[in-house]
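Here is the structure we will look at.
Residue numbers begin at 1 in each chain, while the letters A, B, ... track the order of the sequences.
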Amino acid sequence: SQQGEEDPQALSIQEGENATMNCSYKTSINNLQWYRQNSGRGLVHLILIRSNEREKHSGRLRVTLDTSKKSSSLLITASRAADTASYFCATQKAAGNKLTFGGGTRVLVKP
Amino acid sequence: DAGVTQSPTHLIKTRGQQVTLRCSPKSGHDTVSWYQQALGQGPQFIFQYYEEEERQRGNFPDRFSGHQFPNYSSELNVNALLLGDSALYLCASSSTGPGEKLFFGSGTQLSVL
């Protein structure tokens with residue numbers, strides 16, 4: 001079973017626009033991570049936010065975490081065609097433990 | 001510095017057969033995890049190996065087994081293949097200590113006919 005549910009399942013935007021996707025989870029966590037997957041191949045780690053953090057930035061990425069609502073959001077600013085991919089949130093109950101993934105958000109950035 | 005490498009990239013098998021997938025972790029990593037990803041879904045955790053032993057296991061039947069070698073590389077074996085085993089199999093490596101962030105290989109696409 002999957003811990004996280006992502007919303008929306010698919011997103012289509014124009015280049016230059018911002019893309020926001022949300023992730024909800026069910027149990028307590030140590031950290032939450034976001035990964036990107038291009039064309040159904042390997043996943044690439046984007047950003048990790050710990051349970052005691054509320055917001056984190058990395059380049060054009062901004063992640064928020066609300067542990068009281070058990071939810072997180074990923075914002076990609078000024079999107080590019082190269083951002084077209086599937087984005088997955090994954091939770092980890094303790095460092096070194098398995099990752100539990102959501103179903104993903106498929107993002108299409110149109111040039 | 002090579003990342004996580006998996007072989008083969010594609011594989012076609014028939015029902016009832018057995019398959020072995022291979023993974024070499026990123027240099028400096030000692031922990032290997034395997035995930036199964038069905039089309040259109042998120043990856044599902046199969047198991048994790050550390051110090052040549054299975055440390056954690058997901059909700060997969062005993063037909064799924066694995067091994068880790070002294071050089072930290074790993075194999076995933078699936079016996080008595082079912083049509084539902086068709087999926088992308090992803091290997092991920094990490095290091096002990098923090099061990100939070102995973103590095104993924106490009107996967108093996110298994111098709112069971």
Side-chain angles (χ1 to χ4, degrees), chain A residues 1-10 21 23-27 29-53 56 58 63 65 72 74 85-107, chain B residues 2-7 9-10 21 23-26 29-51 54-60 66 86-111:
Chain A
S1 62
Q2 295 186 306
Q3 158 89 304
E5 294 294 331
E6 292 176 67
D7 169 56
Q9 291 188 329
M21 58 209 85
C23 168
S24 61
Y25 57 93
K26 299 173 184 174
T27 64
I29 60 172
N30 173 277
N31 65 79
L32 185 145
Q33 305 177 32
W34 287 88
Y35 286 81
R36 184 185 73 209
Q37 184 177 41
N38 290 86
S39 305
R41 301 309 289 184
L43 282 79
V44 175
H45 181 270
L46 295 176
I47 196 166
L48 179 153
I49 186 165
R50 303 184 196 287
S51 60
N52 62 352
E53 297 175 312
K56 207 161 184 180
S58 177
V63 169
L65 178 65
S72 174
L74 171 67
S86 292
Y87 292 82
F88 294 91
C89 69
T91 56
Q92 197 172 45
K93 289 187 177 181
N97 272 23
K98 66 177 184 179
L99 288 180
T100 303
F101 285 85
T105 294
R106 280 148 281 284
V107 176
Chain B
V4 179
T5 58
Q6 291 188 244
S7 63
T9 54
H10 295 85
L21 311 181
C23 172
S24 292
K26 180 178 169 63
H29 286 183
D30 56 9
T31 302
V32 173
S33 301
W34 288 91
Y35 290 79
Q36 179 196 65
Q37 186 179 22
L39 189 64
Q41 298 184 21
Q44 297 269 346
F45 175 75
I46 303 175
F47 41 54
Q48 181 188 77
Y49 276 85
Y50 170 68
E51 291 189 340
E54 184 181 288
R55 189 164 71 170
Q56 298 178 62
R57 188 179 181 92
N59 189 25
F60 279 80
S86 295
L88 180 67
Y89 288 84
L90 295 162
C91 171
S93 73
S94 58
S95 58
T96 48
E100 297 161 324
K101 172 181 170 181
L102 297 189
F103 290 79
F104 282 84
S106 296
T108 294
Q109 184 65 56
L110 173 65
S111 298

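Contact tally against chain A (heavy-atom pairs below 4.5 Å) for B:Gln109, B:Arg55, B:Gln37: the top residue is B:Gln37.
Heavy atoms from other residues, nucleotides or ligands lying under 6.0 Å from CD of B:Gln56 number more than 12.
Aromatic rings of B:Tyr35 and A:Phe101 (six-membered ring for Trp) have centroids within the 6.0 Å cut-off, being under it.
With a 4.5 angstrom heavy-atom cutoff, A:Leu43 touches chain B via backbone and side-chain atoms both. Within the 4.5 angstrom heavy-atom criterion, only side-chain atoms of A:Gln37, from C-beta onward, approach chain B.
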Inset, instruction - Check the pair B:Gln44 / A:Thr100 against side chain to side chain contact (heavy atoms under 4.5 Å, CB included), numbers first and verdict last. - result: CA-CA 7 Å; B:Gln44 297 269 346; A:Thr100 303; over 6 Å; no

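The shortest side-chain heavy-atom distance between B:Gln48 and A:Lys98 does not fall under the 4.5 Å cut-off. The shortest distance between side-chain heavy atoms of A:Gln33 and B:Leu102 does not fall below 4.5 Å. Between B:Gln41 and A:Phe88 the shortest side-chain heavy-atom distance does not fall below 4.5 Å.
In this structure, CG in A:Leu99 is found 12.5 Å from NZ in B:Lys101, a value given to the nearest 0.5 Å.
A pairwise comparison of heavy atoms in B:Glu100 and A:Asn30 identifies OE2-OD1, 3.7 Å as the closest pair.
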